[in-house]
Amino acid sequence: MSSIGTGYDLSVTTFSPDGRVFQIEYAAKAVDNSGTVVAIKCKDGIVMGVEKLIASKMLLPGSNRRIHSVHRHSGMAVAGLAADGRQIVTRAKSEATNYEKFVSRHLSCKVPLVSVDAAEAGDTEMVYGEAIPVKELAERVASYVHLCTLYWWLRPFGCGVIVGGYDRDGPQLYMIEPSGISYRYFGAAIGKGRQAAKTEIEKLKLSEMTCRQGVIEVAKIIYGVHDEAKDKAFELEMSWVCDESNRQHQKVPENLLEEAKAAAKAALEEMDAD
Amino acid sequence: MDSIHNDLNAPHSMGTTIIGVTYDGGVVLGADSRTSTGMYVANRASDKITQLTDNVYICRSGSAADSQVLSDYVRYYLHQHTIQLGQPATVKVAANLVRMVSYNNKNMLQTGLIVGGWDKYEGGKIYGIPLGGTLLEQPFTIGGSGSSYLYGFFDQVWKEGMTQDEAEKLVVKAVSLAIARDGASGGVVRTVTINKDGVLRKFYPGNTLPLWHEELEAKDSLLDSLSAASPEPMVS
């Protein structure tokens with residue numbers, strides 16, 4: 001569905017005659033060109049995986065992380081412009097900590113009687129004393145991403161983000177696009193191979209799957225959608241937050257990751273053999 | 001003469017006895033009803049148990065004005081929070097907000113508070129927030145001037161997992177004990193019971209409360225005692 005909007009695409013504050021904002025659509029294209037990110041919600045948690053296309057042979061393995069922990073209970077996988085992604089992750093971390101703990105930029109006792117919401121004062125921030133619900137976190141990040149599509153002197157973020165977290169309402173998965181849209185999913189994919197990845201995800205029986213099994217499946221999907229011809233090497237980065245990880249967001253343990261990679265390679269060969 | 005004027009202009013303080021206890025399935029909050037300005041009882045039937053949200057209530061002690069204003073602020077924040085979250089606030093969040101306001105303004109406020117309520121994640125919970133703005137989650141807690149007389153009583157009588165009936169009776173008994181001993185507590189006993197089914201307010205007028213040693217019977221009018229024991233007219 002590629003189209004250019006000559007004349008109406010110079011600014012994010014311009015609508016085209018058919019009601020589209022082209023700058024946002026172009027931002028989405030930046031995301032579509034990045035390495036695939038896949039995330040699924042299993043019955044006991046979330047698994048996220050990223051196809052990290054290796055730009056240079058001199059990069060240290062494990063560097064250039066694409067999945068970040070935002071809070072104890074949640075993480076974020078980023079696709080698209082890396083620098084933009086960094087900004088979003090920083091903002092999300094900030095939202096998460098400030099929701100829970102008190103932060104006052106004025107450390108002296110000139111605190112007003114009213115500790116107003118960050119949105120109102122920007123001075124002191126509200127404290128709720130509990131971990132930010134994943135839904136709330138996703139909404140705040142989406143709101144921030146959307147903010148940057150409202151002013152002519154800002155450009156939209158060129159990255160899509162998947163937020164996976166486990167709070168007292170169970171495991172949840174949200175995807176946030178450059179337009180600021182945020183929906184809750186049980187399976188999501190962004191980037192080059194997202195169409196193929198989504199087809200694969202739909203085949204899975206997620207409600208019966210544990211995260212342990214989910215890790216293997218995500219690895220298989222990512223290896224499967226990786227285009228050997230167009231992109232040379234890639235590194236698989238995976239994280240999870242589940243009952244087994246004590247509801248903490250963390251990198252998938254080494255041995256399980258190796259197991260997943262081996263299974264994925266084996267599955268590929270099996271396909272090729274046909 | 002002067003002292004009376006002092007009293008009338010003294011800040012309204014709630015001598016008070018306030019209590020919050022958890023039971024199996026919810027919480028019971030209880031309080032007396034005396035608001036005093038010095039020695040004068042400004043309000044003998046005040047309601048010290050205030051609503052913060054549908055499922056969270058707060059018992060107020062200390063300065064009446066301070067605790068009312070604090071409750072108003074917290075109710076406002078919780079209202080916004082509920083709208084944002086799309087579901088009822090938890091008792092923990094309510095208690096945290098109360099603590100934040102109390103701690104941040106500790107130099108200006110003088111309130112001891114008990115936050116109690118029920119939410120679907122944690123069930124019934126009681127939080128004590130004394131003068132300086134500490135936050136402490138407890139299975140039961142007591143506050144106000146009358147609470148001094150109840151520490152030993154609770155040590156003896158408290159047990160985990162009471163029924164609703166046991167808990168309510170315990171609270172009423174405790175408040176009436178405190179009223180008997182504490183001059184700054186008196187009037188009626190009000191209780192609020194909160195559980196998954198909602199909120200139940202109960203009211204125990206002074207004459208329904210048990211009497212403790214050496215207390216006099218409540219009378220509607222002194223004229224009763226006059227007409228009751230009048231001697232036979234002397235007949236010569």
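Just so we're on the same page: letters track the sequence lines, and every chain starts at 1.
- For B:V27, the side chain to side chain contact (heavy atoms under 4.5 Å, CB included) partners two or more places apart in sequence, or in a different chain, are B:T22, B:I126, B:I194.
- Residue B:E122: no heavy atom, backbone or side chain, is found under 4.5 Å from chain A.
- Contact of the B:N96 side chain with the A:E130 side chain is not registered, since no non-hydrogen atoms from C-beta on lie closer than 4.5 Å.
- Within 6.0 Å of CZ on B:R44 lie no more than 12 heavy atoms contributed by other residues, nucleotides or ligands.
- Shortest non-hydrogen contact noted between A:R140 and B:Q84 is NE-NE2, 4.4 Å.
- Around atom NZ of A:K198, more than 12 heavy atoms belonging to other residues, nucleotides or ligands sit under 6.0 Å away.
- Judged as a salt bridge (Lys or Arg N to Asp or Glu O under 4.0 Å), and not counting sequence neighbours, B:K120 has no contacts.
- Heavy atoms from other residues, nucleotides or ligands lying under 6.0 Å from OH of B:Y204 number more than 12.
- Interface with chain B: from residues 168-179 of chain A, residues A:R168, A:D169 qualify, criterion being any non-hydrogen pair under 4.5 Å.
- Taking all atoms of both residues into account, the shortest heavy-atom contact from A:K135 to B:L85 is NZ-O, 3.6 Å.
- Within 6.0 Å of the OH atom in B:Y121, the count of heavy atoms belonging to other residues, nucleotides or ligands exceeds 12.
- The 12-atom threshold is exceeded at NZ of A:K93, counting heavy atoms of other residues, nucleotides or ligands nearer than 6.0 Å.
- Sorted by first and then second residue, the ring-ring contact (aromatic ring centres under 6.0 Å, His included) pairs with a member in residues 142-161 of chain B read B:F140-B:F154, B:F140-B:W158; sequence neighbours excluded.
- Ring pair B:H81/A:Y128 is parallel by interplanar angle, where below 30° counts as parallel and above 60° as perpendicular.
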